[in-house]
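Have a look at the structure below, then the notes.
We use all heavy atoms of the structure for the numbers below, so side chains are in, but hydrogens, waters and symmetry mates are not. Only a predicted model underlies this, so the values are computations on that prediction, with no experimental measurement involved.
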Amino acid sequence: MIPATILAIIFVFFFLQVSRDFLIIIWNGGWSNENKLAQKVFENPQGQFLKQREFIEPLLIKHFEYFRKLSEHSKTKFILRCLSVVHKKQFLGKEDMVITDEIKILISASMVQLTFGLKEYHLPNFRTFIIYPGVYTSPATGGLHRGETNMKGYVILSWQHFIEGYENSEDKINLGLHELAHALDLSRIVKSADPNFYEYFLKFQTVSSDVFYDVSELDHHFLRKYAGANEREFFSVCVEHFFEDPVGFKSNLPKIFEHLVFLLKQDPSMLGKAEHTKLNWKLNNPDLHHHLLNEKVKFKSDFPWWYSARGIIVPLAFFGFFMGLIPDLEFSDVISPFLFIIIVGLIIFIYRFKRVLITENYIFIYSPFITTWRKSYLIENIISIQYFKKKTLGVLKFTIMNSGQVESKLFRLGMDRSEYNRLKESMNNKDVLMTR
């Protein structure tokens with residue numbers, strides 16, 4: 001009987017594991033186009049992909065310095081993604097503009113360059129590229145434009161200025177990257193962006209807010225003046241500088257550059273030196289005692305006595321009330337439920353009794369009773385902290401970056417509003433978005 005039970009458990013575990021993998025594939029829409037295209041390389045090395053590569057690679061080498069510096073493995077990935085984008089997008093010419101394969105490949109390559117570090121690289125909401133020969137009169141504004149991007153899913157480009165953007169990197173103006181940065185930004189609003197990008201963009205905005213205002217006020221700045229027009233233009237201009245002068249960006253605005261690296265999951269300053277999408281993420285979960293010895297404590301929450309103890313006090317109060325209703329009842333008759341209430345209440349007390357401690361660089365959420373129960377986050381990795389109040393239940397929601405993935409964690413701490421305000425004050429100038 002026992003061996004049969006063990007075999008049944010193993011079978012169920014195996015079945016669930018296989019089902020999980022299958023469901024993940026179905027959930028993700030089956031194998032991606034990139035994987036299908038990659039299969040062609042291995043299954044049919046003399047087939048269609050190599051013929052396409054013979055046409056595409058010389059074009060990219062000619063126009064894209066970014067592509068020239070990639071490793072061979074990354075070049076293959078880049079070309080595969082270009083083909084995938086070309087197949088998914090529509091390209092329309094205006095004012096007698098003839099759309100060629102070269103135009104399709106180079107515009108697709110601009111999208112792939114921008115999103116090369118992201119899992120979701122297609123920008124699915126933006127399905128149509130409209131290309132003019134040069135400067136055009138915008139139907140939307142009536143003014144002369146070189147490019148524009150709108151929520152309807154259109155990216156409009158002047159071909160002349162698109163090509164000029166890749167021919168001259170010294171001016172840090174690149175029309176393709178600029179407009180596609182707008183598309184990536186707007187993808188957050190229509191909720192079709194890479195999920196990590198969607199969340200981490202809030203961190204980038206928080207970190208860069210002071211610099212955004214500086215661009216408008218200062219006569220000379222590393223970013224060109226147009227970055228101060230509004231927050232969307234600021235991001236697009238940052239993207240242009242990020243790719244066209246990564247070393248200068250890193251030197252002049254190191255903090256913004258670092259967070260742009262984490263946002264786009266690539267570091268163009270490392271092109272040709274290392275695999276530029278393999279980033280060194282800053283780790284969470286440091287040792288509590290070590291950092292308490294080396295860092296000043298800026299905030300420590302109060303003991304949440306009532307929140308923790310009510311799991312035992314309330315049941316005991318009801319127990320005493322019912323004991324009073326039955327005067328002839330002997331305590332020896334109810335010793336078992338009494339002990340049960342005490343034991344369960346103590347477990348609830350220990351589980352709920354957590355404190356928050358903030359040092360210069362870390363936030364710790366820990367239990368004084370269970371030394372193995374501790375969560376700790378590098379403040380630089382925290383995107384936002386939200387406070388929720390439900391009756392007496394004060395909840396903190398942390399949104400964090402953990403090894404390149406955005407995660408959300410809920411902590412029920414019994415924290416009241418005044419204590420949250422104290423916590424918030426201790427986080428001044430920490431570039432963490434916090435609810436009021």
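Partners of Ser187 under the side-chain hydrogen bond (donor to acceptor under 3.5 Å, both in side chains) rule, at least two apart in sequence or in another chain, do not exist in this structure. With sequence neighbours excluded, no residue forms a ring-ring contact (aromatic ring centres under 6.0 Å, His included) with Tyr198. Qualifying side-chain hydrogen bond (donor to acceptor under 3.5 Å, both in side chains) partners for Lys75, counting only residues two or more places apart in sequence or in other chains: none. The ring-ring contact (aromatic ring centres under 6.0 Å, His included) search around Trp281 returns Phe262, not counting sequence neighbours. Taking the salt bridge (charged side-chain N to carboxylate O under 4.0 Å, His left out) definition, one finds that Asp171 meets it with nothing, sequence neighbours left out. Judged as a salt bridge (charged side-chain N to carboxylate O under 4.0 Å, His left out), and not counting sequence neighbours, the contacts of Glu240 are Arg224. For Tyr226, there are no ring-ring contact (aromatic ring centres under 6.0 Å, His included) partners, not counting sequence neighbours. Looking at residues two or more places apart in sequence or on another chain, you find a side-chain hydrogen bond (donor to acceptor under 3.5 Å, both in side chains) between Gln113 and Tyr166. Taking the ring-ring contact (aromatic ring centres under 6.0 Å, His included) definition, one finds that Phe222 meets it with His241, Phe249, sequence neighbours left out. By the salt bridge (charged side-chain N to carboxylate O under 4.0 Å, His left out) test, Glu65 is found to be paired with Lys69, residues two or more places apart in sequence or in another chain being considered. For Glu102, there are no salt bridge (charged side-chain N to carboxylate O under 4.0 Å, His left out) partners two or more places apart in sequence or in a different chain. Under the side-chain hydrogen bond (donor to acceptor under 3.5 Å, both in side chains) criterion, Thr149 pairs with Glu179, sequence neighbours left out.
Ser216 places a side-chain N or O within donor-acceptor distance of the main-chain N or O of Gly228, the cut-off being under 3.5 Å. The main-chain N or O of Leu378 is found under 3.5 Å from a side-chain atom of Asn284 such that the two form a donor-acceptor pair. Using modelled atom types, no side-chain atom of Ser251 and backbone atom of Val247 make a donor-acceptor pair closer than 3.5 Å. A donor-acceptor pair under 3.5 Å is absent between the side-chain atoms of His122 and the main chain of Pro124, judged by distance alone. Here the side chain of His87 pairs a donor or acceptor atom with the backbone of Leu83 at under 3.5 angstrom. Of the possible polar contacts, none joining the Asn402 side chain to the Gln405 backbone as a donor-acceptor pair under 3.5 Å is found. The main-chain N or O of Leu80 is never found under 3.5 Å from a side-chain atom of Ser84 such that the two would form a donor-acceptor pair. Under the 3.5 Å distance criterion, the side-chain polar atoms of Ser158 are left unmatched by any main-chain donor or acceptor of Arg146. Proximity of a side-chain donor or acceptor of Lys104 to a complementary backbone N or O of Gln90 within less than 3.5 Å is not detected. Side chain of Lys225 to backbone of Leu218: a donor-acceptor contact under 3.5 angstrom is found.
In this structure, Arg374 fails the cation-pi test against Tyr366, since its NZ or CZ atom is not both closer than 6.0 Å to the six-membered ring centre and inside 45 degrees of the ring normal. For the pair Arg417 and Tyr387, the NZ or CZ position fails the cation-pi test of under 6.0 Å to the six-membered ring centre and within 45 degrees of the ring normal.
Between the side chains of Tyr200 and His259, at least one donor N or O sits under 3.5 Å from an acceptor N or O.
Between Asp302 and Arg422, at least one side-chain N (NZ, or NE/NH1/NH2) sits under 4.0 Å from a carboxylate O, which counts as a salt bridge. The pair Glu258-Lys282 meets the salt-bridge criterion, with a side-chain N (NZ, NE, NH1 or NH2) lying under 4.0 Å from an Asp/Glu carboxylate O. A salt bridge does not link Asp194 with Lys119: none of the charged nitrogens is closer than 4.0 Å to a carboxylate oxygen.
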* **Test side-chain contact (heavy atoms from CB on, under 4.5 Å) applied to Leu106 and Ile163, step by step** => CA-CA 9 Å; Leu106 293 180; Ile163 288 296; 4.0 Å; yes
* Would you please test Tyr154 and Phe126 for ring-ring contact (aromatic ring centres under 6.0 Å, His included) and show each step? => CA-CA 6 Å; Tyr154 295 98; Phe126 295 88; 9.3 Å; no
* To do: Could you please spell out the steps behind the ring-ring contact (aromatic ring centres under 6.0 Å, His included) verdict for Phe235 and Phe204?
  => CA-CA 9 Å; Phe235 174 65; Phe204 173 78; 5.8 Å; yes
* Step by step, work out the salt bridge (charged side-chain N to carboxylate O under 4.0 Å, His left out) result for Lys430 and Glu360. => CA-CA 9 Å; Lys430 291 297 184 182; Glu360 188 65 33; 2.9 Å; yes
* Asked: Step by step, would you call Leu357 with Ile363 a side-chain contact (heavy atoms from CB on, under 4.5 Å)?
  -> CA-CA 6 Å; Leu357 186 145; Ile363 290 183; over 6 Å; no
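Atom CG of Leu264 and atom CG of Leu184 lie 6.5 Å apart (nearest 0.5 Å). A distance of 10.0 Å separates CD1 of Ile105 from CZ of Phe64, quoted to the nearest 0.5 Å. Interatomic distance, Asp431 CG to Thr206 OG1, rounded to the nearest 0.5 Å: 7.0 Å. Interatomic distance, Ser376 OG to Ile358 CD1, rounded to the nearest 0.5 Å: 13.0 Å. One finds the CG atom of Leu118 at 8.0 Å from the CZ atom of Arg81 (value rounded to the nearest 0.5 Å). Separation of atoms CD (Glu407) and CD1 (Ile400) is listed at 5.0 Å; rounding is to 0.5 Å.
Aromatic ring orientation, Trp373 versus Phe411: perpendicular (interplanar angle above 60°, classes split at 30° and 60°). Ring-plane geometry between Phe78 and Tyr66 is classed as tilted, the angle between the planes lying from 30 to 60 degrees on a 0 to 90 degree scale. By the 30° and 60° cut-offs, the orientation of the rings of His178 relative to His182 is perpendicular.
Aromatic pair Phe369/Phe353: ring centres closer than 6.0 Å.
Looking at heavy atoms from C-beta onward, Lys203 lies out of side-chain contact with Met401 at the 4.5 angstrom threshold.
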